[in-house]
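Remember, it's a predicted structure, so these values are computed and weren't measured experimentally. Order of the sequence lines fixes the chain letters, A, B, ..., with proteins taken first and strands second; residue numbering starts at 1 for each chain.
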2 protein chains.
Amino acid sequence: MDTKKYHHGDLKNTLIQAGIEILAEEGVGGLSLRKVAQKAGVSHNAPYFHFTDKQALIAAISTEGYRSLYEQLVLIQETFREDPRRQLVEAAFMYLRFAQSQPAHFKVTFSNAVEREDAYPALVEMADNLIAELIKIVGACQKAGILHPAPVGALAVSIWSAVHGFTSLFIDGQSMHERLKVAPVDQLLIFTLNQFTVADWSAEHFPLPE
Amino acid sequence: MDTKKYHHGDLKNTLIQAGIEILAEEGVGGLSLRKVAQKAGVSHNAPYFHFTDKQALIAAISTEGYRSLYEQLVLIQETFREDPRRQLVEAAFMYLRFAQSQPAHFKVTFSNAVEREDAYPALVEMADNLIAELIKIVGACQKAGILHPAPVGALAVSIWSAVHGFTSLFIDGQSMHERLKVAPVDQLLIFTLNQFTVADWSAEHFPLPE
DNA sequence: GGTTTTATCTTGACGTTGTCAATATTATAG
DNA sequence: CTATAATATTGACAACGTCAAGATAAAACC
């Protein structure tokens with residue numbers, strides 16, 4: 001019950017959504033407290049009754065990014081309950097698609113701006129949720145013999161690092177994926193995922209999702 | 001011959017260095033054109049004769065980040081000329097150490113701020129240099145039988161993605177490396193690198209550099 | 001139900017920022 | 001040695017984050 005209805009009614013979430021929309025329309029540079037307030041139809045100081053700081057608003061937007069990733073990860077597991085291999089592939093592409101469709105929100109989510117993550121427990125909690133789901137999938141893949149029997153935490157960190165780095169480098173200025181022109185980005189992501197499988201580097205294990 | 005000596009003499013590079021120092025002292029949020037100018041001992045508008053924009057200064061700082069990584073990569077290859085395995089390990093740790101010691105510069109380098117990379121040819125060129133060196137190392141590792149005989153460009157992208165993602169997640173709010181407490185960060189990086197070797201997941205292939 | 005309290009929002013102000021325009025200064029070219 | 005172009009300063013402006021003071025409306029209390 002964070003969202004009491006006083007004058008405006010649920011202004012807090014309205015501001016968060018306005019912020020996410022501004023990120024989509026104008027990018028990270030266009031995000032300002034005053035513009036968010038204007039978009040929500042309130043005065044330039046109204047946000048201060050819901051966020052102590054600009055940082056706090058950014059942290060809330062970041063939290064929503066984690067929530068979106070987390071919820072999609074849960075959905076993927078439900079959808080492909082008996083196919084951990086498919087879960088991993090879908091998860092990786094979901095990650096990439098999120099970044100492609102909302103690059104500014106993706107960037108903000110991964111704390112380009114938030115310095116003291118500890119000051120925002122809701123953010124930490126949602127990030128933990130995301131990690132927990134990822135570990136479930138990696139664990140299931142190990143059980144199915146698709147991934148090595150390494151410590152599941154370490155393997156989850158490695159795979160997430162690879163997918164996150166791949167995605168970050170891709171949206172942060174087409175750094176090379178396009179410059180090298182070695183392969184389409186989707187295929188490169190599959191290739192990267194394949195590095196973590198038990199077998200050789202051929203693309204048989206993780207075909208592209210249709 | 002970019003650096004003519006008129007009134008100040010080499011103000012351009014002075015401003016870039018001042019910017020890097022501010023990043024080290026105050027972080028990304030503390031970087032402003034006016035503060036950079038003040039640090040260089042010039043008026044608040046002097047930078048506009050060397051950078052069209054704040055973005056242009058950021059692009060120059062980013063370029064310096066790429067240059068630093070590139071030069072260290074060249075040095076590593078010279079130092080361990082006959083040991084491609086060692087080159088790869090040292091390169092990965094050099095990357096991580098750079099981010100650890102200058103997190104704000106690392107973040108700025110990877111374009112948290114620069115939107116139109118194409119508008120800054122020097123930046124693109126230095127990034128290309130970095131990629132070229134990385135590909136050399138990966139190619140040497142393949143020749144030595146340490147890495148799979150996959151297309152070298154794709155493999156370089158995958159490995160860079162893993163190291164970059166690992167490093168980014170680590171400095172962007174200790175996202176999990178510390179939260180999971182699965183292993184010290186250095187060991188986790190080695191583990192991640194090991195995923196790309198030809199053999200199994202045991203840590204024999206890439207021991208920690210002393 | 002009327003009053004008090006408290007949460008929410010507005011208005012106004014201040015210093016800082018990025019950037020433009022106008023002006024001054026100095027190095028280089030002729 | 002002058003003229004010109006490159007370099008730097010000063011001043012201004014709107015937008016920004018944030019603080020302070022006041023207004024408004026919901027909630028709590030009797």
Side-chain angles (χ1 to χ4, degrees), chain A residues 1-19 21-23 25-62 104 108 111-116 119-120, chain B residues 1-19 21-23 25-62 104 108 111-116 119-120:
Chain A
M1 313 318 146
D2 246 324
T3 64
K4 304 144 194 165
K5 294 207 172 186
Y6 287 94
H7 302 66
H8 173 281
D10 203 16
L11 179 56
K12 184 170 184 175
N13 288 314
T14 302
L15 291 170
I16 294 174
Q17 285 311 312
E21 285 171 25
I22 288 177
L23 282 175
E25 294 160 3
E26 309 180 38
V28 178
L31 185 67
S32 80
L33 270 182
R34 293 173 103 105
K35 229 178 310 194
V36 165
Q38 188 186 6
K39 191 150 199 154
V42 293
S43 82
H44 69 269
N45 254 353
Y48 281 88
F49 290 86
H50 302 277
F51 305 100
T52 65
D53 231 333
K54 190 189 184 184
Q55 287 282 326
L57 172 63
I58 290 178
I61 292 175
S62 176
V108 167
S111 99
N112 295 328
V114 172
E115 338 241 300
R116 302 269 313 109
Y120 306 99
Chain B
M1 319 324 140
D2 247 323
T3 64
K4 304 143 193 166
K5 293 206 173 190
Y6 287 95
H7 303 67
H8 174 282
D10 203 16
L11 179 56
K12 185 171 183 175
N13 288 314
T14 302
L15 291 169
I16 294 174
Q17 284 311 311
E21 285 171 25
I22 288 177
L23 282 176
E25 295 161 3
E26 309 181 38
V28 179
L31 185 67
S32 81
L33 270 183
R34 293 173 103 107
K35 229 178 308 195
V36 165
Q38 189 186 6
K39 191 150 200 155
V42 293
S43 81
H44 68 270
N45 254 353
Y48 281 89
F49 290 86
H50 303 277
F51 305 99
T52 65
D53 230 334
K54 189 188 183 185
Q55 287 282 326
L57 172 62
I58 290 178
I61 292 175
S62 177
V108 166
S111 98
N112 295 326
V114 173
E115 338 241 301
R116 301 268 316 106
Y120 307 100

Rounded to whole Å, NZ of Lys39(A) lies from P of dC16(D) at a distance of 13 Å
Heavy-atom distance under 4.5 Å between the side chains of Ile61(A) and Leu31(A), does that happen here?
yes
Just how far, in rounded Å, is C1' of dA8(D) from CG of Asp10(B)?
16 Å
Provide, to the nearest angstrom, the distance between the NZ atom belonging to Lys54(B) and the P atom belonging to dA15(D).
18 Å
How many angstroms lie between OG in Ser32(A) and CD in Gln38(A), if you round to the nearest 0.5 Å?
8.5 Å
When you match His50(A) and Ser32(B) each to their closest nucleotide on DNA chain C, which lands nearer the 5' end?
His50(A)
Taking side chain to side chain contact (heavy atoms under 4.5 Å, CB included) as the test, write out the residues that go with Phe51(A), two or more places apart.
Lys12(A), Leu15(A), Ile16(A), Ala56(A), Leu57(A), Ala60(A)
Under the side chain to side chain contact (heavy atoms under 4.5 Å, CB included) test, residues paired with Glu21(A) that sit two or more places apart:
Glu25(A), Lys39(A)
Rounded distance in Å - CG (Leu11(A)) to P (dA25(D))
16 Å
Which atom pairs link the protein and nucleotides 10-14 of chain C when you take only N or O atoms and keep those under 3.5 Å?
{"from": "dT10(C)", "atom 1": "OP1", "to": "Ser43(A)", "atom 2": "N", "distance (Å)": "3.4"}
{"from": "dT10(C)", "atom 1": "OP2", "to": "Ser43(A)", "atom 2": "N", "distance (Å)": "2.5"}
{"from": "dT10(C)", "atom 1": "OP2", "to": "Ser43(A)", "atom 2": "OG", "distance (Å)": "2.8"}
{"from": "dT11(C)", "atom 1": "O4", "to": "Asn45(A)", "atom 2": "ND2", "distance (Å)": "2.8"}
{"from": "dG12(C)", "atom 1": "O6", "to": "His44(A)", "atom 2": "NE2", "distance (Å)": "3.0"}
{"from": "dG12(C)", "atom 1": "O6", "to": "Asn45(A)", "atom 2": "ND2", "distance (Å)": "3.0"}

Whole angstrom is fine here: how far is it from CG in Leu31(B) over to C1' in dG18(C)?
12 Å
Tell me the interatomic distance from Gln55(B), atom CD, to dT17(C), atom P, rounded to whole angstroms.
17 Å
Taking only residues two or more places apart in sequence or in another chain, which ones pass side-chain hydrogen bond (donor to acceptor under 3.5 Å, both in side chains) with Lys35(B)?
Glu26(B)
If you compare all heavy atoms of Leu23(A) against all heavy atoms of Ala104(A), which two are closest, and at what distance to 0.1 Å?
O-CB, 3.3 Å
Rounded to the nearest angstrom, tell me the gap between atom OH in Tyr48(B) and atom C1' in dG11(D).
15 Å
Side-chain atoms of Leu33(B) come closest, of dA8(D), dG17(D), dT19(C), to dT19(C)
Rounding to a whole Å, what distance do you find between Lys35(B):NZ and dG18(C):C1'?
14 Å
